[in-house]
Amino acid sequence: MKLLLFILGALALLALGLAWFTWRTSARIVQYLPAKGRFVDVPGGRLHVRESGDPGSPAVLLVHGLGGQMSHFDYGLAERLAQSFRVVVVDRPGSGHSLRDEMTSADVSAQAAALALLVEKLDLGRPTVVGHSLGGAIALALAVEHPGSVGALALVAPLTHAPETAPQVFKALTIETRWVRTLFAWTLATPGAIAGSKKVLAAVFAPEQAPADFAVKGGGLHSLRPSQFLAASRDLQAIPQRMPLVQGRYAELALPLAVLYGRQDAILGWRENGQALVDKVPGARLELVEGGHMLPVTQPLVVADFVERAARAAVREQRAG
């Protein structure tokens, strides 16, 4: 019995130590990578947004993927687009510096509804929505369920069909039991992420390489925060709740839609998510380039050219209408 009590006490002290380390690391990251923009209140949360470019120009809304935040667009994409458009980048609900209430759903429809309200509050009209990875799924939900909030879709390596299983690199996010997930987030997730960061980045960026400054410039340090782990976990596990319903309505889409994919994408396959989407949407087109999943970071000018063409097509269509 004494041995058991000793072991339990040691485990409790270890857990407290890990929790303190996690809290301290998270606090230092928030201090080191402060919010870059302003906040917009939406039901169930608060969105962190940053704007650039001419406010009178056609709008482009950039939506990041799973476990990311707006800094993924800081490798030249947002800056290039701002030369011709009003550019709005947003931390999705619960990601980066945005907040999401615990009782607010994390499914793609709930996040799309938050973006629709953001479009309305910022008076963006019908922007070209750029969705990367999971951001692509949310952009599609926005177009399907709030068609008046979208003028065109420019999707970069998007998730378009609910996967049967999560990519191996995201397996830790699949912990279903809430208290276990929370305990893991506040004890093992942060030191585990630090130890495995090189391996994770290699898998997500493959076959390309992550920039040496991705932790800071790309906001990669945010992934060490427990709130980011919990938000990403909820996002991932909520995909099956609404994604099948959204993808069943793709044929209803009647707007310019373009998809850009890296042929060597190691996270999402271009056939299963790119070709499968354009086959269902009349007039949609798929462009393939040599590269992996993180194209906004590794090939920002290629992505910028892709988005510009989609946005200009949307402007032409809206003026003709």
Side-chain angles (χ1 to χ4, degrees), residues 14-35 44-48 63-72 90-108 110-111 114 132-135 137-138 159 163 165-205 210 214-216 218-241 267 293-294 297:
L14 177 61
L16 287 173
L18 290 171
W20 177 84
F21 173 79
T22 297
W23 172 83
R24 181 171 178 269
T25 301
S26 179
R28 294 179 67 181
I29 291 171
V30 172
Q31 184 178 26
Y32 190 61
L33 299 177
R46 184 177 68 165
L47 298 180
H48 175 223
V63 186
H64 64 82
L66 181 68
Q69 26 64 49
M70 64 168 62
S71 294
H72 284 189
V90 58
D91 285 336
R92 290 190 296 97
S95 299
H97 290 283
S98 290
L99 302 178
R100 177 172 60 200
D101 295 344
E102 186 64 29
M103 299 306 295
T104 299
S105 175
D107 65 47
V108 295
Q111 297 199 50
H132 174 233
S133 196
L134 177 60
I138 294 165
L159 172 70
T165 59
Q168 185 62 38
V169 70
F170 297 135
K171 285 297 183 182
L173 300 176
T174 62
I175 300 173
E176 295 184 6
T177 305
R178 180 177 173 181
W179 73 266
V180 175
R181 185 168 63 239
T182 302
L183 178 63
F184 183 83
W186 278 97
T187 54
L188 298 176
T190 296
I194 293 172
S197 59
K198 291 184 178 180
K199 183 178 180 180
V200 171
L201 288 177
V204 173
F205 277 82
F214 182 72
V216 176
L221 285 174
H222 280 294
S223 65
L224 302 181
R225 298 166 55 201
S227 62
Q228 304 304 288
F229 176 88
L230 292 170
S233 180
R234 290 187 62 203
D235 289 346
L236 180 66
Q237 295 186 44
I239 290 173
Q241 295 174 15
I267 301 299
H293 188 66
M294 296 297 289
V297 176

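If you're wondering where the values come from, they're calculated on a predicted model, not measured in any experiment. For this chain, numbers begin at 1 and follow the sequence in order.
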Checklist line | Derivation and outcome, side-chain contact (heavy atoms from CB on, under 4.5 Å), residues Val204 and Met294 | finding: CA-CA 7 Å; Val204 173; Met294 296 297 289; 3.6 Å; yes
With heavy-atom distances below 4.5 Å as the criterion, would you say the side chains of [X] and [Y] are in contact?
X	Y	result
Ile239	Leu134	yes
Gln111	Asp235	yes
Pro167	Ile267	yes
Gln228	Ser223	no
His48	Gln69	no

Search all heavy atoms of [X] against all heavy atoms of [Y] and return the closest pair with its distance.
X	Y	answer
Ala110	Ser105	CB-O, 3.5 Å
Ser95	Gly68	CB-O, 3.5 Å
Pro93	Ala114	CG-CB, 4.2 Å
Leu47	Arg92	CD2-C, 4.3 Å
Leu173	Ser233	O-OG, 2.7 Å
Gly219	Leu33	CA-CD1, 4.3 Å

For the [atom1] atom of [X] and the [atom2] atom of [Y], what is their distance to the nearest 0.5 Å?
X	Y	atom1	atom2	result
Thr25	Leu221	OG1	CG	10.0 Å
Thr22	Arg24	OG1	CZ	11.5 Å
Thr190	Ile29	OG1	CD1	7.0 Å
Thr187	Phe21	OG1	CZ	12.0 Å
Arg234	Arg178	CZ	CZ	8.0 Å
Phe229	Leu224	CZ	CG	12.5 Å

Checklist line | Test of ring centre spacing under 6.0 Å for His222 and Tyr32 | finding: no
Next item on the list: Using a strict 4.0 Å threshold on nitrogen-to-oxygen distance, state whether Arg46 and Asp91 make a salt bridge.
Entry: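 So Arg46 does not pair with Asp91 through a salt bridge.
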Check: Which class fits the ring pair Phe205 and Phe214: parallel under 30°, tilted 30 to 60°, perpendicular over 60°?
Finding: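 Perpendicular, since the angle between the ring planes exceeds 60°.
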Margin query: Applying side-chain contact (heavy atoms from CB on, under 4.5 Å) to Thr165 and Lys171, what does each step give before you reach the verdict?
Written below: CA-CA 9 Å; Thr165 59; Lys171 285 297 183 182; 4.3 Å; yes
Next item on the list: Check for a donor-acceptor pair, side chain of Arg181 on one end and backbone N or O of Glu176 on the other, with a separation under 3.5 Å.
Entry: yes
Margin query: Looking at His132 and His293, would you say the former's side chain and the latter's main chain have a donor-acceptor pair under 3.5 Å?
Written below: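 Yes, the answer is positive, given that a donor and an acceptor are paired below the 3.5 Å cut-off.
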Next item on the list: Would you check, one step at a time, whether the test side-chain contact (heavy atoms from CB on, under 4.5 Å) holds for Trp186 with Leu18?
Entry: CA-CA 7 Å; Trp186 278 97; Leu18 290 171; over 6 Å; no
